[in-house]
Trainee: 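This structure is in structure tokens; I'll ask about it shortly.
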Amino acid sequence: MRLAYRFAIASDKITADGVEVTGFPDLARRYRVSSVPKTVVGEGGEFVGAQGESALLDHVLKAALPGPAATDA
Amino acid sequence: MFFDDEVAGQIKERFADLVHPVKLVVFSQALQHPESEEVKRLLEELGTLDPRLIVESKNFIIDAESAASLKVHHIPGIAILRAGVDGASDIDYGVRFFGLPMQYDFGVLIDAIVDVSTGESGLAPETLEALRNLQAPVHLQVFSTPT
């Protein structure tokens with residue numbers, strides 16, 4: 001969670017929510033949180049477990065790529 | 001009281017690293033979410049440990065406009081901002097915590113306060129360079145449980 005916060009501090013394009021999910025069963029269901037820590041990146045990316053800085057960066061860069069609709073336009 | 005003398009001392013020691021004042025805007029709502037009041041009390045007690053920590057307690061329903069502008073959509077919810085001084089606006093890095101910040105998450109919250117205060121991400125230069133070229137906004141959500 002701290003790494004996600006640090007990404008948010010580093011870039012004004014990134015926002016980071018830390019969610020202690022026990023009190024939010026609706027969010028747990030919506031994002032299919034069965035193991036923690038689980039990180040959801042943008043609209044479609046996700047991974048479970050702690051990952052390092054370069055791995056999170058890869059996820060972030062992928063999430064920031066234009067979607068298929070934008071690419072086709 | 002949430003903190004005994006020993007824990008309070010440890011937190012104060014960590015807050016020795018604060019550079020700029022930090023504003024914690026905590027949203028709660030007693031009737032709808034009684035546990036959110038516990039988070040409010042926790043942060044209010046935390047705020048007594050360092051004068052550079054400013055705790056603003058808001059009601060999620062009465063202060064709905066503020067909650068929306070800070071993108072706090074759940075309670076308990078905390079926006080961690082670098083407080084503006086001398087009339088300057090607060091700096092919002094987009095750092096939020098939702099739920100009960102207990103055990104491991106409490107440590108993360110303390111670290112987040114210090115990181116927002118310093119404004120230093122501590123990331124590697126190549127990561128910072130890659131993030132500078134980011135073309136689109138990316139929202140990260142990290143789900144945890146108290147462990």
Side-chain angles (χ1 to χ4, degrees), chain A residues 1-67 69-71, chain B residues 33 35-36 39 71-78 80 82 91-124 126-147:
Chain A
M1 191 181 292
R2 188 182 188 188
L3 186 59
Y5 286 157
R6 287 180 150 184
F7 271 60
I9 289 168
S11 171
D12 59 8
K13 291 244 176 8
I14 297 178
T15 50
D17 292 350
V19 183
E20 194 285 286
V21 78
T22 312
F24 301 105
D26 53 335
L27 290 179
R29 275 193 299 276
R30 188 191 309 170
Y31 293 103
R32 301 182 305 279
V33 180
S34 54
S35 303
V36 292
K38 177 168 183 174
T39 302
V40 174
V41 185
E43 298 299 320
E46 61 178 53
F47 60 87
V48 175
Q51 292 200 11
E53 184 177 319
S54 59
L56 181 57
L57 177 61
D58 287 344
H59 284 284
V60 166
L61 295 177
K62 191 175 173 188
L65 289 173
T71 305
Chain B
H33 286 276
E35 73 279 6
S36 66
V39 176
K71 295 185 169 59
V72 172
H73 303 301
H74 320 285
I75 52 171
I78 307 163
I80 306 167
R82 189 201 288 184
I91 297 175
D92 185 358
Y93 292 108
V95 174
R96 305 287 185 268
F97 185 88
F98 298 96
L100 300 172
M102 299 297 182
Q103 300 179 47
Y104 177 78
D105 286 335
F106 183 70
V108 173
L109 175 67
I110 298 296
D111 287 339
I113 289 169
V114 173
D115 290 342
V116 164
S117 175
T118 64
E120 295 291 333
S121 69
L123 299 178
E126 54 269 28
T127 304
L128 295 173
E129 180 61 25
L131 293 179
R132 262 192 290 275
N133 297 321
L134 212 56
Q135 295 299 312
V138 177
H139 183 52
L140 302 173
Q141 298 176 88
V142 183
F143 297 94
S144 69
T145 53
T147 50

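The structure presented is a predicted model; accordingly, all values stated were derived computationally and were not measured. FYI, side chains are in, hydrogens and waters are out, and symmetry mates aren't considered; it's all heavy atoms of this structure. Letters A, B, ... mirror the listed sequences (proteins, then strands); counts begin at 1.
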Trainee: Testing the basics here: between B:R96 and A:Y5, what is the closest heavy-atom pair and its distance to 0.1 Å?
Mentor: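 Smallest interatomic distance, heavy atoms only, reads O-OH, 2.7 Å.
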Trainee: Give, as side chain, backbone, both or neither, the part of A:L57 having an atom under 4.5 angstrom from any heavy atom of chain B.
Mentor: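 Side chain only.
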Trainee: Side chain, backbone, both or neither: which part of A:V33 has a heavy atom under 4.5 Å from chain B?
Mentor: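 Side chain of A:V33 only, per the 4.5 Å heavy-atom cut-off to chain B.
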Trainee: How about B:Y104: does its OH atom have over 12 heavy atoms from other parts shown lying under 6.0 Å from it?
Mentor: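 Check fails, neighbour count at 12 or below.
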Trainee: Just give me the residue among A:V48, A:V36, A:T15 that pairs up with chain B most often, heavy atom to heavy atom, under 4.5 Å.
Mentor: A:T15
Trainee: Report the distance from atom CG of B:L128 to atom CZ of A:R6, rounding to the nearest 0.5 Å.
Mentor: 11.0 Å
Trainee: For A:Y31, is it the side chain, the backbone, both or neither that has a heavy atom under 4.5 Å from a heavy atom of chain B?
Mentor: side chain
Trainee: The test is side-chain contact (heavy atoms from CB on, under 4.5 Å); show your working for B:H139 and A:D17 and say whether it passes.
Mentor: CA-CA 8 Å; B:H139 183 52; A:D17 292 350; 3.0 Å; yes
Trainee: To the nearest 0.5 angstrom, please state how far the CD atom of B:Q141 sits from the CD atom of A:E46.
Mentor: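 The CD atom of A:E46 is 11.0 Å from CD of B:Q141, to the nearest 0.5 Å.
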Trainee: Taking B:I80, B:N133, B:D111 one by one, which has the highest count of heavy-atom pairs under 4.5 Å against chain A?
Mentor: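 Winner by heavy-atom pair count: B:D111.
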Trainee: Do you know which two heavy atoms are closest between A:E53 and B:T127, and how far apart they sit?
Mentor: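 Minimum heavy-atom contact is OE2-OG1, 2.6 Å.
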Trainee: Can you say whether B:D115 sits under 4.5 Å from chain A via the side chain, the backbone, both, or neither, judging by heavy atoms?
Mentor: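 Contact with chain A is through both the backbone and side chain of B:D115.
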Trainee: Atom CG in B:L134, atom NZ in A:K13: separation rounded to 0.5 Å?
Mentor: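 Answer for the CG-NZ pair, B:L134 versus A:K13, is 6.5 Å.
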Trainee: With a 4.5 angstrom heavy-atom cut-off, which part of B:I75 approaches chain A: side chain, backbone, both or neither?
Mentor: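 The backbone, not the side chain.
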Trainee: Quick check: closest heavy atoms across A:L61 and B:A130, and the distance to 0.1 Å?
Mentor: CD2-O, 4.2 Å
Trainee: Can you name the nearest heavy-atom pair linking B:A136 to A:A64, along with the distance?
Mentor: CB-O, 3.6 Å
Trainee: I'd like to verify something: which residue of A:V40, A:I14, A:T39, A:L3 has the highest number of heavy-atom pairs under 4.5 Å with chain B?
Mentor: A:V40
Trainee: Considering the options A:E20, A:K38, A:M1, which one meets the side chain to side chain contact (heavy atoms under 4.5 Å, CB included) requirement together with B:V142?
Mentor: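 Of A:E20, A:K38, A:M1, side chain to side chain contact (heavy atoms under 4.5 Å, CB included) with B:V142 is met by A:M1 alone.
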Trainee: Examine whether an atom of A:L65 lies under 4.5 Å from a heavy atom of chain B, and if so say whether it belongs to the side chain, the backbone or both; otherwise answer neither.
Mentor: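 Neither; nothing under 4.5 Å.
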Trainee: Would you indicate whether the side-chain heavy atoms of A:I9 and B:L123 approach each other to under 4.5 Å?
Mentor: no
Trainee: Select one option (side chain, backbone, both, neither) describing which atoms of B:L100 are under 4.5 Å from chain A's heavy atoms.
Mentor: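 When you check distances to chain A, atoms from both the backbone and side chain of B:L100 fall under 4.5 Å.
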Trainee: Checking B:E35 against chain A: side chain, backbone, both or neither under 4.5 Å from a heavy atom?
Mentor: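 Nothing of B:E35, per the 4.5 Å heavy-atom cut-off to chain A.
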